[in-house]
Engineer: 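Here's a structure for you.
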Amino acid sequence: MNHQDRWFTPFFRLQYVSLLTAYVSKAVDCQRMVEKTVEKWGRLDYAVNDAGISGRFAPFDQLKIEEFDKVMNVDFQGTMLSLHAEIQQFVKQGKVGSVVNISSNGAMLATDTMSPYITAKTVVIGLTKSVALDYADTKIRVNSVAPGTVHTAMTAPVFDDQTPGSFGQQLKKMLPAKRYGEPQEIGQAAYFLASDNTSYINGAVLVADACGPVGTKG
């Protein structure tokens with residue numbers, strides 16, 4: 001069983017699961033996701049906007065505009081379009097609902113050669129805070145989880161490289177926890193913010209990176 005299996009298996013044990021395919025960079029698809037959810041389950045209570053890509057690692061001058069646009073279209077535009085459709089549904093339901101946007105601790109720390117990704121995730125945090133303020137006097141909440149270095153299908157080719165001195169191995173040694181995060185851990189953070197247990201938390205950014213921004217540990 002690989003890391004993807006460990007992540008998906010618990011969800012398929014749930015009694016009620018529906019899968020939808022969509023291009024989050026297209027407004028019509030984001031709207032359809034919400035409509036299909038309401039059609040199936042009767043309403044929308046919670047949403048987590050998590051779609052993202054890293055793009056190619058390169059200095060800013062060596063990036064093509066098309067590469068920058070591709071990352072922005074998924075990481076920011078996809079979040080914005082999904083959030084827009086979700087908020088519209090919440091308003092229809094009496095201004096009740098909770099959304100969690102997945103950003104990144106890179107929005108606070110930044111990383112070289114990743115300007116498209118860092119830019120997109122930084123804007124996601126601004127969007128989260130602004131939209132939260134728009135509906136602060138209602139029961140609509142918008143928060144964000146900012147993960148650190150997490151082992152996913154996107155990062156696995158780098159992080160799983162066991163070659164001595166590889167970037168993945170060097171990076172792990174730099175992390176205070178000396179390990180990568182797992183998707184389940186980020187999922188639990190998102191669940192916490194989305195739940196009614198955090199009804200007085202709104203417009204917040206929960207950094208989930210095991211002391212990443214605190215400092216380095218030798």
Side-chain angles (χ1 to χ4, degrees), residues 22-27 29-31 33-34 44 46-60 63 65-91 95-150 152 154-155 181 186-187 189-195 198-209 211-214:
Y23 289 98
V24 294
S25 58
K26 295 183 178 180
D29 276 22
C30 294
Q31 189 64 47
M33 282 195 298
V34 171
L44 179 68
Y46 311 102
V48 177
N49 299 318
D50 187 32
I53 58 176
S54 62
R56 183 169 67 92
F57 290 27
F60 185 63
L63 289 169
I65 299 301
E66 293 78 10
E67 293 179 294
F68 210 102
D69 285 345
K70 182 178 181 180
V71 175
M72 290 297 290
N73 284 341
V74 175
D75 293 15
F76 168 65
Q77 184 91 341
T79 298
M80 182 272 291
L81 292 174
S82 298
L83 179 61
H84 188 260
E86 292 151 7
I87 293 294
Q88 286 185 322
Q89 181 60 35
F90 290 159
V91 171
K95 297 185 178 180
V96 178
S98 179
V99 181
V100 177
N101 296 321
I102 304 300
S103 54
S104 170
N105 72 341
M108 294 81 163
L109 299 173
T111 304
D112 62 329
T113 71
M114 293 185 67
S115 56
Y117 180 82
I118 298 302
T119 300
K121 293 302 186 179
T122 300
V123 179
V124 165
I125 290 178
L127 176 71
T128 297
K129 292 177 176 292
S130 182
V131 176
L133 280 171
D134 284 345
Y135 302 94
D137 60 346
T138 73
K139 292 185 178 181
I140 294 175
R141 295 186 299 114
V142 186
N143 291 294
S144 178
V145 171
T149 310
V150 180
T152 67
M154 184 173 71
T155 60
I186 307 307
Y191 177 79
F192 169 71
L193 281 181
S195 73
T198 56
S199 57
Y200 202 59
I201 299 178
N202 195 13
V205 180
L206 174 59
V207 180
D209 66 356
C211 286
V214 174

Engineer: Could you walk me through whether Asn49 and Leu83 satisfy the side-chain contact (heavy atoms from CB on, under 4.5 Å) test, starting with their C-alpha distance in whole Å, then the side-chain angles of each, then the deciding distance to 0.1 Å, before giving a yes or no?
Structural biologist: CA-CA 7 Å; Asn49 299 318; Leu83 179 61; 4.0 Å; yes
Engineer: Kindly say whether Val142 contributes a backbone atom to a donor-acceptor pair with the side chain of Asn202 at under 3.5 angstrom?
Structural biologist: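 Yes; at least one donor-acceptor contact below 3.5 Å.
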Engineer: Counting N and O atoms only, with roles assigned by atom type, does the side chain of Thr119 sit under 3.5 Å from a partner on the main chain of Ser115, one being a donor and the other an acceptor?
Structural biologist: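 Confirmed, Thr119 side chain pairs with Ser115 backbone.
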Engineer: So, the side chain of Asp75 versus the backbone of Ile53: is there a donor-acceptor pair under 3.5 Å, distance only?
Structural biologist: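 Pair found, side chain donor or acceptor close to backbone of Ile53.
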Engineer: Is there a donor-acceptor contact under 3.5 Å from the side chain of Ser144 to the main chain of Val205?
Structural biologist: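 Flag not set: sc Ser144 to bb Val205 has no pair under 3.5 Å.
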Engineer: Is there a side-chain contact between Lys26 and Leu81 (heavy atoms, below 4.5 Å)?
Structural biologist: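 The answer is no; the side chains never approach within 4.5 Å.
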Engineer: Taking Asp209's backbone N and O only, do any of them form a donor-acceptor pair with Asn105's side chain (distance below 3.5 Å, no angle check)?
Structural biologist: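 Judged by distance alone, no pair lies under 3.5 Å.
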Engineer: Do any N or O atoms from the side chain of Thr155 and from the backbone of Thr152 form a donor-acceptor pair under 3.5 angstrom?
Structural biologist: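 Looks like yes, one N/O pair under 3.5 Å.
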Engineer: Between the main-chain N or O of Phe192 and the side-chain N or O of Ser195, is there a donor-acceptor pair closer than 3.5 Å?
Structural biologist: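 A pair under 3.5 Å: yes.
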Engineer: With distance as the sole test, does Ser98 use its side chain to make a donor-acceptor pair with the main-chain N or O of Ala194 at under 3.5 Å?
Structural biologist: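 Yes; judged by distance alone, with no hydrogens or angles, the pair exists.
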Engineer: Lys121 side chain to Ile102 main-chain N or O, any donor-acceptor pair under 3.5 Å?
Structural biologist: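 It does hold such a pair.
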Engineer: For Phe68, does the CZ atom have more than 12 heavy-atom neighbours from other residues, nucleotides or ligands under 6.0 Å away?
Structural biologist: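 For Phe68, atom CZ is crowded (more than 12 foreign heavy atoms under 6.0 Å).
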